[in-house]
Amino acid sequence: MQAMYEKMVILTGAGISAESGLGTFRDAQGLWAQHRIEDVATPEGFAHNPELVQAFYNARRAQAAEAQPNAAHAALAQLQSSYPGEVILVTQNVDALHEAAGSKSVLHMHGALASALCASCDHRWPAPPELSPDSLCPQCQSAAARPDVVWFGEMPYHMDRIFSDLETCDLFVAIGTSGQVYPAAGFVDAATAAGAQTIELNLEPSATHSRFDSARFGRASELIPTWVAELIEGPNRD
Ligand code: APR
Ligand code: ZN
């Protein structure tokens, strides 16, 4: 089958994991309605009260470990494995539901709950279910373990790789993200500058909605499988 797109970049946000039972951030019951960002998602918050921050991520790690991927995660894994063009999957999410659905080489630009990071020697290792201020780094033995999650004010991961992919893609798709946090919210502009087609697939229009060529709205577990089926079956479907 001839690929309609040679290279697509897909960005996912908390909305793709909402139907797996993981909270989003900015919906009415979202995480930022329950916690202050500055208390639990900044280096300053971690320095001020490491117990609170470790407890916040321990709770999210436990919840994410119990969650199951939904049909949207499965559809993207199927797209990656069967689409003849290149499919780059970038996620802002720190859960492992894309991998659990079978996706490969997922670029976690905001880090991952399943990984621990040493604030002293930058060593990374698989996070235990719970991290605490006493958790020791297996490499340097210092009590400097922190969640391997990118906090506000820190540089997201894989930026060079992501922007070089955006500059050479012919389709950019944003799924389940409110478009309120940069640099991810600016990806649509980089793709547009590269001449790519841009699509927003979301429950409702995001803050960057007007910068997309087109959009479809609905719950990800219904919207994404339909969109993927159309891509894989190609335009010549009856
Ligand atoms: N299907 C599709 N989209 C959904 C669904 C669903 N079932 N439920 C909610 N959404 C949409 C919402 O309409 C919203 O646009 O998902 C989006 C979630 O937005 P946010 O809660 O802001 O999450 P996200 O965009 O991923 O946040 C980006 O902000 O706090 C930081 O680091 C954190 O990675 C996060 C970043
Ligand atoms: Zn260390």
Side-chain angles (χ1 to χ4, degrees), residues 10-43 45 56-57 60 64 67 69-73 75-76 90-95 97-98 106-113 115-125 131 135-158 173-188 199-209 212 215-227:
I10 299 174
L11 170 71
T12 62
I16 199 170
S17 295
E19 290 162 89
S20 294
L22 297 184
T24 59
F25 294 94
R26 296 172 182 83
D27 289 327
Q29 310 304 323
L31 281 166
W32 299 150
Q34 303 160 44
H35 305 271
R36 286 170 9 116
I37 286 177
E38 49 274 29
D39 291 345
V40 295
T42 62
F56 175 67
Y57 286 96
R60 290 184 63 196
N70 63 58
H73 297 104
L76 293 186
V90 180
T91 188
Q92 299 171 92
N93 300 340
V94 291
D95 63 56
L97 294 180
H98 284 303
V106 182
L107 295 171
H108 281 269
M109 62 179 287
H110 289 167
L113 289 168
S115 172
L117 169 65
C118 177
S120 162
C121 76
D122 266 354
H123 177 61
R124 283 181 170 82
W125 68 99
L131 281 173
S135 301
L136 299 183
C137 165
Q139 175 110 327
C140 72
Q141 306 312 317
S142 56
R146 57 165 277 184
D148 187 12
V149 169
V150 178
W151 286 325
F152 286 90
E154 296 184 322
M155 178 58 77
Y157 299 153
H158 312 298
V173 190
I175 298 174
T177 180
S178 64
Q180 296 189 50
V181 175
Y182 286 80
F187 288 178
V188 60
I199 305 178
E200 173 169 270
L201 304 175
N202 210 43
L203 192 62
E204 60 202 11
S206 73
T208 51
H209 169 68
F212 285 83
R216 291 190 195 181
F217 298 113
R219 297 158 68 89
S221 64
E222 291 139 22
L223 193 62
I224 307 310
T226 305
W227 175 71

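Ligands are counted one by one from 1 in listed order, and the atoms in each one are counted from 1 as well. Since the model is a prediction, treat every value here as computed from it, not as a measurement.
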Using a 4.0 Å cutoff against the non-hydrogen atoms of Glu204, which atoms of ligand 1 qualify? 13 (O)
In ligand 1, which numbered atoms sit nearer than 4.0 Å to a non-hydrogen atom of Gly13? 26 (O)
Ligand 1 atoms in contact with Asp27 (distance to a heavy atom under 4.0 Å): 9 (C), 12 (C)
Can an N or O of Asn93 be found at a distance shorter than 3.5 Å from an N or O of ligand 1? no
Tell me the protein heavy atom at minimum distance from atom 26 (O) of ligand 1, and give that distance in Å. Ala14 N, 2.8 Å
What residue and heavy atom of the protein are closest to atom 5 (C) of ligand 1, and at what distance? Gly15 O, 3.5 Å
Can you give me the SG-the Zn ion (ligand 2)-SG angle for Cys118 and Cys121, to 10°? 110°
Who's the nearest protein heavy-atom neighbour of atom 7 (N) of ligand 1, and how far? Glu19 OE2, 3.0 Å
Where Cys137 and Trp125 come nearest, the two heavy atoms and their spacing: CA-CH2, 3.8 Å
Report yes if some N/O of His110 lies less than 3.5 Å from some N/O of ligand 1; otherwise report no. yes
If you take all heavy atoms of Ser178 and Ser206, which pair is closest and at what distance? O-CB, 3.5 Å
Ligand-side contact atoms (ligand 1) for residue partner Thr177, heavy atom cut-off under 4.0 Å: 15 (O), 17 (C), 24 (P), 25 (O)
Restricting to N/O/S atoms, is Cys140 within less than 2.8 Å of the Zn ion (ligand 2) or not? yes
Could you label the plane-to-plane angle of the His209 and Phe217 rings as parallel, tilted or perpendicular, counting under 30° as parallel and over 60° as perpendicular? tilted
State, with a plain yes or no, whether a side-chain heavy atom of Arg60 is found less than 4.5 Å away from one of Leu31. yes
Tell me which one of Leu201, Ile16, Leu11 satisfies side-chain contact (heavy atoms from CB on, under 4.5 Å) with Thr177. Leu11
Using heavy-atom distances, let me know which of Arg26, Gln180, Met109, Gln92 sits nearest atom 29 (O) of ligand 1. Arg26
For Arg219, atoms of ligand 1 separated by under 4.0 Å from a heavy atom: 1 (N)
Check: His73 and Thr91 side chains under 4.5 Å, non-hydrogen atoms: no
How far does CG of Asn202 sit from CZ of Arg216, to the nearest 0.5 angstrom? 14.0 Å
Heteroatom distance test (Asn202, ligand 1): nitrogen or oxygen, under 3.5 angstrom: yes
Nearest non-hydrogen protein atom, atom 3 (N) of ligand 1: Leu203 N, 3.3 Å
Counting each atom of ligand 1 from 1 as listed, which ones have a heavy atom of Ala18 under 4.0 Å away? 8 (N)
Considering all heavy atoms, the nearest His110-Val94 contact: O-CG1, 3.4 Å
Note: heavy atom closest to atom 35 (C) of ligand 1, options Trp32, Phe152, Phe25, belongs to Phe25
For a side-chain hydrogen bond (donor to acceptor under 3.5 Å, both in side chains) check, start with the C-alpha distance between Asn70 and Ser221, then their side-chain angles and the critical distance, and finish with the verdict. CA-CA 6 Å; Asn70 63 58; Ser221 64; 5.5 Å; no
Within a strict 4.5 Å, meaning less than it, do heavy atoms of the Trp227 and Val173 side chains meet? yes
Would you check whether Gly179 has a nitrogen or oxygen atom less than 3.5 angstrom from a nitrogen or oxygen atom of ligand 1? no
Could you tell me if the side chain of Ile175 sits less than 4.5 Å from the side chain of Leu76, heavy atoms only? yes
How far is atom 1 (N) of ligand 1 from the closest protein heavy atom, and which atom is that? Ala220 N, 2.9 Å
Quick one: do Cys118 and Gln139 satisfy side-chain contact (heavy atoms from CB on, under 4.5 Å)? Show the steps, please. CA-CA 9 Å; Cys118 177; Gln139 175 110 327; over 6 Å; no
Starting from atom 17 (C) of ligand 1, locate the nearest protein heavy atom and write down its residue, its atom name and how far away it is, to 0.1 Å. Gly176 O, 3.5 Å
